Protein chains: 2
Amino acid sequence: MNSVTFAKAMADNTRQQIMHLLCCQWICVGDIVDQTGVSQPTVSHHLGILRVAGLVSTRREGKQVFYTLNQDAVAVCCGMLMQNFAPEKLEADGES
Amino acid sequence: MNSVTFAKAMADNTRQQIMHLLCCQWICVGDIVDQTGVSQPTVSHHLGILRVAGLVSTRREGKQVFYTLNQDAVAVCCGMLMQNFAPEKLEADGES
DNA sequence: CACTCAAATTGATAATTGTCGATATGATGT
DNA sequence: ACATCATATCGACAATTATCAATTTGAGTG
């Protein structure tokens, strides 16, 4: 994954709203629909983008599909952005 | 500045290319045009977006305008993304 | 198998955005 | 004041994207 893909995945208000919901818990698509107020196809679309970007994990449970945010991926991508665009702010830190 | 604005500003290949050029030096618009191969209006457009997002600083020198990347802003925004979307990866770190 | 419920996909549309050519602005030098 | 050079803005167009209604897929249930 590259930093443009990451930025594009984050470059939408609805998507960040979804990411916030998924940050520290597993939620199924229906609940995301309820809590965001956007239509189910739209939520699925956004989840697809986040999935392709590697930012969410998926688990099937009966008829429902649960999603959660992949915090490791976010951290890696933020590190990449720092390396690329704020290298002088990393010197003497623990980043290799 | 919010994290969506930041992500949108980064969510373009040409823009990240420009940011990379500006990362550790001041460059004037003409040189950015030469080194990116995109037209001068397009470069100005991208610089405008980066400027509004607070990611670049500007200095006028005669007829030329120089830009440089604001690494502090990038670092702050990355920190914001970490706080919002990878909080569990920050625990026990120096982030307040 | 037929039915139901949840999520994904499709198709269409409106909004946003990246790009360029043409033009305007603004600074410098003659 | 005029000419020139560098950058910004304007206007138009093409490409991308966010959104929803309608449909399909897929998993469970009677």
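Source: prediction; values computed, not measured. Just the heavy atoms: all of them, side chains too, but no hydrogens, waters or symmetry mates, feed the values below.
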| In Å, rounded to the nearest 0.5 Å, how long is the span from CD of Glu88(A) to CD of Gln71(B)? | 4.0 Å

| note | Contacts of Thr42(A) meeting side chain to side chain donor-acceptor pair (under 3.5 Å) (sequence neighbours excluded), chain-then-number -> Ser39(A)

| Residues in side chain to side chain donor-acceptor pair (under 3.5 Å) with Thr5(A), at least two apart? | Asn2(A)

| said: Rounded to whole Å, how long is the line connecting atom CD of Gln40(A) with atom P of dA21(D)? | reply: 11 Å

| said: Is the shortest side-chain heavy-atom distance between Pro87(B) and Met82(B) below 4.5 Å? | reply: no

| message | Quick check on the hydrophobic clustering: are Phe85(A) and Leu81(B) connected, directly or via other members, by side-chain heavy-atom contacts under 4.5 Å? | response | yes

Let me have the donor-acceptor pairs involving side chains of residues 43-56 of chain A, under 3.5 Å, with sequence neighbours excluded, atom names and distances please.
{"unit_1": "Ser44(A)", "atom_1": "OG", "unit_2": "Gln40(A)", "atom_2": "NE2", "d": "3.3"}
{"unit_1": "His46(A)", "atom_1": "ND1", "unit_2": "Arg15(A)", "atom_2": "NH1", "d": "3.1"}

| Pairs meeting criterion salt bridge (charged side-chain N to carboxylate O under 4.0 Å, His left out) with involvement of residues 25-35 of chain A, two or more places apart | none

| request: Could you identify which residues of residues 60-68 of chain B place a heavy atom less than 4.0 Å from some atom of DNA chain D, listed by residue number, or say none? | output: Lys63(B), Gln64(B), Val65(B), Tyr67(B)

| query | How would you list, by chain and number, every residue that makes a side chain to side chain donor-acceptor pair (under 3.5 Å) with Asn84(A), sequence neighbours excluded? | reply | none

| task | Using the heavy-atom set of chain A and a strict 4.0 Å cut-off, write down the first and last nucleotide of DNA chain C that makes it in, 5' to 3'. | result | dC5(C) to dT9(C)

| remark: Between CG of Asn13(B) and P of dT16(D) the distance, given in whole Å, is 13 Å

| query | Hey, can you pull the residues of residues 43-52 of chain B with a non-hydrogen atom under 4.0 angstrom from DNA chain C? | reply | His45(B), His46(B), Ile49(B)

Just list the side-chain donor-acceptor pairs under 3.5 Å for residues 16-28 of chain A, sequence neighbours left out, or say none.
{"unit_1": "Gln16(A)", "atom_1": "OE1", "unit_2": "Ser3(B)", "atom_2": "OG", "d": "2.6"}
{"unit_1": "Gln16(A)", "atom_1": "NE2", "unit_2": "Met10(A)", "atom_2": "O", "d": "2.9"}
{"unit_1": "Gln16(A)", "atom_1": "NE2", "unit_2": "Ser3(B)", "atom_2": "O", "d": "3.3"}
{"unit_1": "Gln25(A)", "atom_1": "NE2", "unit_2": "Leu21(A)", "atom_2": "O", "d": "3.2"}

| query | For residues 28-39 of chain A, which residues have at least one heavy atom under 4.0 Å from DNA chain C? | reply | Cys28(A), Val29(A), Gly30(A)

| query | Using links of under 4.5 Å between side-chain heavy atoms of ILVMFWY residues, direct or through other members, which residues join Val76(A) in one cluster? | reply | none

Using residues 57-67 of chain A as the side-chain source, report each donor-acceptor pair under 3.5 Å to any protein atom, sequence neighbours left out, with the distance given to one decimal.
{"unit_1": "Arg59(A)", "atom_1": "NH1", "unit_2": "Glu61(A)", "atom_2": "OE1", "d": "2.3"}
{"unit_1": "Arg60(A)", "atom_1": "NE", "unit_2": "Gly62(A)", "atom_2": "O", "d": "3.3"}

